[in-house]
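Worksheet: one structure, shown below.
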Amino acid sequence: PTTETDMKQIIALIIAVYTTIGLAAQTNVVGAANFGRYATDNTNVPPLKKGEKRVVFLGNSITEGWQHQRPEFFRDNGYIGRGISGQTSYTMLLRFRNDVLNLNPTAVVLNVGTNDIALNDGEYDEDRTFGNIVTMAELARANNVQMVLTTVLPAAAFPWRPAVTDAPEKIESLNKRLRAYAAANS
């Protein structure tokens, strides 16, 4: 028979296991969002001057590459690059406030979707990816920031994820939804 002391120990063990799992999951999400990547840069962004326009480019490695290849283009035009290689719509949504809204942009250019389809978060669900993108667009609109949605760039395959064999079909399906959403909300 199980004693009261045994039950208390079992309950304590269950609580300890679930707490550990919860903390690990939270750490993984926070780590994947990479909140610290632009934290210092964000604090150094000067206040927006009257009449000044500021555009934030939020995205993945492609966006990150743009800012590194042409830093003068970004600097001279008031563009702020906030791309992080490997990121998905999930992680970009998590950092949308810090890396976009808090910078008081006039517009945000959103380049997202490739890494969702490439299974960088372990699974791809088009509805969730589309929902994350719509949520970012709604947050932008609620904060008087113009959203510039890009479609997912074409790819025949993802070299880092050869198991994804239907990339073109998934890209086209998501792009159809993005085009329809943009047309209905412009």
Legend entry - Spatial distance of atom OG1 (T63) from atom CD (Q87) [nearest 0.5 Å]: 10.5 Å
Legend entry - Check: F57 and N111 side chains under 4.5 Å, non-hydrogen atoms: no
Inset, instruction - Could you tell me whether the side chain of F96 reaches within less than 4.5 Å of the side chain of N132, counting heavy atoms only? - result: no
Inset, instruction - Under the side chain to side chain contact (heavy atoms under 4.5 Å, CB included) rule, what do R95 and N34 come out as? Steps first, then yes or no, please. - result: CA-CA 8 Å; R95 64 187 184 90; N34 203 349; 5.7 Å; no
Inset, instruction - Report whether L93 and L174 are members of the same hydrophobic cluster (ILVMFWY, side-chain heavy atoms less than 4.5 Å apart, transitive linking). - result: yes
Legend entry - Neighbour count >12 (heavy atoms, 6.0 Å) for atom CZ, R97: no
Legend entry - CA sep, side-chain torsions, deciding dist, call: V45, D41, side chain to side chain contact (heavy atoms under 4.5 Å, CB included): CA-CA 7 Å; V45 172; D41 293 338; 5.8 Å; no
Inset, instruction - Check for a donor-acceptor pair, side chain of S173 on one end and backbone N or O of E169 on the other, with a separation under 3.5 Å. - result: no
Inset, instruction - For the residue pair I171 and P154, establish whether any side-chain heavy-atom pair is separated by less than 4.5 Å. - result: no
Legend entry - L153 reachable from V109 in the ILVMFWY side-chain graph, under 4.5 Å edges: yes
Legend entry - From CA spacing to verdict: side chain to side chain contact (heavy atoms under 4.5 Å, CB included), V55, Q146: CA-CA 9 Å; V55 178; Q146 177 158 356; over 6 Å; no
Inset, instruction - Can you measure from CG (L110) to CE (M147) and round to the nearest 0.5 angstrom? - result: 5.0 Å
Legend entry - Euclidean distance, I117 CD1 relative to N115 CG, rounded to 0.5 Å: 9.5 Å
Inset, instruction - Please determine if R70 and E72 form a salt bridge, counting it only when a charged side-chain N lies under 4.0 Å from a carboxylate O. - result: yes
Legend entry - Rounded distance [0.5 Å steps], CD in E64 versus CD in Q69: 11.0 Å
Legend entry - Contact check, side chains of E123 and R128, non-hydrogen atoms, under 4.5 Å: yes
Legend entry - Single-linkage hydrophobic cluster, 4.5 Å side-chain cutoff, V164 and V152 together: yes
Legend entry - Flag, side chain of D116 to backbone of V112, donor-acceptor distance under 3.5 Å: no
Inset, instruction - Work out which heavy atom in A167 is nearest to a heavy atom in A156; give both atom names and the distance. - result: CB-O, 4.1 Å
Inset, instruction - State, with a plain yes or no, whether a side-chain heavy atom of R177 is found less than 4.5 Å away from one of I133. - result: no
Inset, instruction - Hey, could you give me the CG/CG distance between L101 and N143, rounded to the nearest 0.5 Å? - result: 4.5 Å
Inset, instruction - Consider only side-chain heavy atoms of I, L, V, M, F, W and Y, link residues closer than 4.5 Å, and tell whether F158 and I62 are in one cluster. - result: no
Legend entry - Contact check, side chains of F73 and W66, non-hydrogen atoms, under 4.5 Å: no
Inset, instruction - Verify, without hydrogens or angle tests, whether Y79 (side chain) and P71 (backbone) share a donor-acceptor contact under 3.5 angstrom. - result: no
Inset, instruction - Please report the C-alpha distance between N120 and T88 in whole Å, then the side-chain angles of each, then the deciding distance to 0.1 Å, and finally whether the side-chain hydrogen bond (donor to acceptor under 3.5 Å, both in side chains) criterion is met. - result: CA-CA 7 Å; N120 281 21; T88 65; over 6 Å; no
Inset, instruction - Determine, using the 4.5 Å side-chain heavy-atom cutoff (strictly less than), whether L139 and I80 are members of one ILVMFWY cluster. - result: yes
Inset, instruction - State whether the number of non-hydrogen atoms from other residues, nucleotides or ligands found under 6.0 Å of E52 atom CD is greater than 12. - result: yes
Inset, instruction - Measure from the side-chain N and O atoms of D99 to the backbone N and O of L58, and report whether any donor-acceptor pair falls under 3.5 Å. - result: no
Legend entry - Flag side-chain contact, heavy atom, 4.5 Å: L94 against F35: yes
Inset, instruction - Applying side chain to side chain contact (heavy atoms under 4.5 Å, CB included), run through V108 and R82 and close with a yes or a no. - result: CA-CA 10 Å; V108 58; R82 291 296 181 262; over 6 Å; no
Inset, instruction - Can you measure from CG (N98) to OH (Y38) and round to the nearest 0.5 angstrom? - result: 13.5 Å
